Amino acid sequence: MTSPIELPQVRILRRKLVSVPAARHFVVDVLKDWGTVSMLDDAALVVTELVNNALRHTRTPNVRVIVRRMPSDAIRLIVIDKHPELWPALQSAGPLNSGGRGLALVDAVTKAWGCTRLPWEKHVWADLEVPDA
Ligand SMILES: Nc1ncnc2c1ncn2[C@@H]1O[C@H](COP(=O)(O)OP(=O)(O)O)[C@@H](O)[C@H]1O
Ligand SMILES: [Mg+2]
């Protein structure tokens with residue numbers, strides 16, 4: 001059962017590269033508070049890739065990060081930017097490509113991920129299974 005103490009946690013970060021480690025520390029701290037540490041490394045990887053993407057591929061003035069405990073017991077990480085017209089696209093990076101692997105990593109360590117478009121922003125979300133839930 002989800003404890004009532006596990007309310008969604010939100011952090012708004014500025015358009016700065018230091019926001020990437022800040023987002024990672026935020027997520028790790030929330031999950032430690034909730035006692036859901038079995039997937040800490042995967043959660044840190046996912047939020048790193050998603051915040052990096054928001055900063056590198058959009059001109060969003062800020063990034064909103066939300067950590068939610070889902071009714072299914074999964075942990076949902078949501079990274080929000082202000083550019084709904086630009087869409088994340090899983091790529092098949094070749095051996096000579098320097099990038100294009102971030103979403104493939106997210107896909108590999110999550111049970112589901114996706115993107116929800118609103119008129120003024122988009123939410124890139126990823127669900128991590130909590131093995132001992
Ligand atoms: N938040 C985002 N906003 C707009 N485009 C995105 C976003 N995230 C990912 N993308 C698009 O999806 C592509 C694949 O992302 P990714 O696999 O992380 O590779 P990389 O970031 O190295 O290009 C990016 O090149 C970009 O075109
Ligand atoms: Mg990327």
Side-chain angles (χ1 to χ4, degrees):
M1 271 298 269
T2 302
S3 126
I5 227 162
E6 293 172 351
L7 295 171
Q9 300 293 308
V10 185
R11 181 66 50 94
I12 299 174
L13 299 159
R14 286 172 302 158
R15 180 178 180 77
K16 296 206 161 222
L17 276 184
V18 73
S19 292
V20 176
R24 194 163 50 238
H25 289 134
F26 164 64
V27 167
V28 165
D29 286 349
V30 169
L31 296 181
K32 281 183 178 166
D33 275 355
W34 289 355
T36 45
V37 293
S38 50
M39 23 59 86
L40 262 192
D41 291 344
D42 287 348
L45 170 73
V46 168
V47 74
T48 298
E49 293 303 328
L50 297 187
V51 173
N52 248 312
N53 279 351
L55 295 177
R56 288 165 52 94
H57 301 304
T58 80
R59 300 294 305 164
T60 191
N62 57 56
V63 177
R64 208 151 88 244
V65 180
I66 301 177
V67 189
R68 279 193 63 187
R69 183 80 160 189
M70 302 300 283
S72 67
D73 268 341
I75 297 290
R76 175 165 292 186
L77 303 180
I78 309 168
V79 174
I80 301 166
D81 68 56
K82 301 286 186 196
H83 284 266
E85 79 285 7
L86 301 169
W87 205 243
L90 195 59
Q91 295 182 342
S92 51
L96 297 180
N97 293 125
S98 57
R101 288 183 163 77
L103 290 175
L105 286 172
V106 170
D107 191 64
V109 301
T110 57
K111 58 184 217 170
W113 69 276
C115 187
T116 305
R117 197 195 317 250
L118 298 173
W120 57 91
E121 65 187 22
K122 72 173 177 292
H123 296 204
V124 186
W125 58 268
D127 287 353
L128 290 138
E129 204 139 23
V130 183
D132 49 7

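Note that the coordinates shown come from a computational prediction; the quantities given were computed from them, not determined experimentally. Computed from heavy atoms alone, side chains included, the values below leave out hydrogens, waters and symmetry copies. Counting starts at 1 for both ligands and their atoms, following the listed order.
Among the atoms of A104, none of the N or O lies under 3.5 angstrom from an N or O of ligand 1. Residue G100 has at least one N or O atom closer than 3.5 Å to an N or O atom of ligand 1.
Residue, atom and distance of the protein heavy atom nearest to atom 3 (N) of ligand 1 are K122 NZ, 2.9 Å. Of all protein heavy atoms, the one closest to atom 15 (O) of ligand 1 is L103 CD1, 3.6 Å. Nearest protein neighbour of atom 14 (C) of ligand 1, counting heavy atoms only, is A89 O, 3.1 Å. For atom 1 (N) of ligand 1, the nearest protein heavy atom (residue, atom name, distance) is D81 OD2, 3.1 Å. For atom 21 (O) of ligand 1, the nearest protein heavy atom (residue, atom name, distance) is H57 NE2, 2.7 Å. Of the protein's non-hydrogen atoms, P88 CA, 3.6 Å is the one closest to atom 6 (C) of ligand 1. Counting protein heavy atoms only, atom 5 (N) of ligand 1 is closest to W87 O, 3.5 Å.
Under 4.0 angstrom from ligand 1, there are no non-hydrogen atoms of E49. Under 4.0 Å from ligand 1, the heavy atoms of T58 that appear belong solely to its side chain. At a heavy-atom distance under 4.0 Å, no atom of V79 approaches ligand 1.
Closest approach of D73 and V130 over heavy atoms only: O-CG2, 3.5 Å. A pairwise comparison of heavy atoms in P84 and K122 identifies CA-CB, 4.0 Å as the closest pair. Nearest heavy-atom pair, R68 versus I66, reported as atom, atom and distance to 0.1 Å: CG-CG2, 3.8 Å. Closest approach of K82 to T60, counting heavy atoms only: N-OG1, 3.0 Å. Scanning all heavy atoms of the two residues, the minimum distance from R101 to G94 falls at NH2-O, 3.2 Å.
Those atoms of ligand 1 with a heavy atom of G99 less than 4.0 angstrom away are 22 (O).
Applying the 6.0 Å contact sphere to CG of D29 captures more than 12 heavy atoms from other residues, nucleotides or ligands.
Remark: S19 OG to I12 CD1 distance equals 11.5 Å, nearest 0.5 Å.
With Q9 contributing its side chain and L7 its backbone, the two residues share a donor-acceptor pair below 3.5 Å. Of the possible polar contacts, one joining the T58 side chain to the A54 backbone as a donor-acceptor pair under 3.5 Å is found. R11 places no side-chain N or O within donor-acceptor distance of the main-chain N or O of V65, the cut-off being under 3.5 Å.
Residue N53 counts as close to the Mg ion (ligand 2), with an N, O or S atom under 2.8 Å.
Ligand 1 does not have H83 within reach: every non-hydrogen atom of the residue lies 4.0 Å or more from it.
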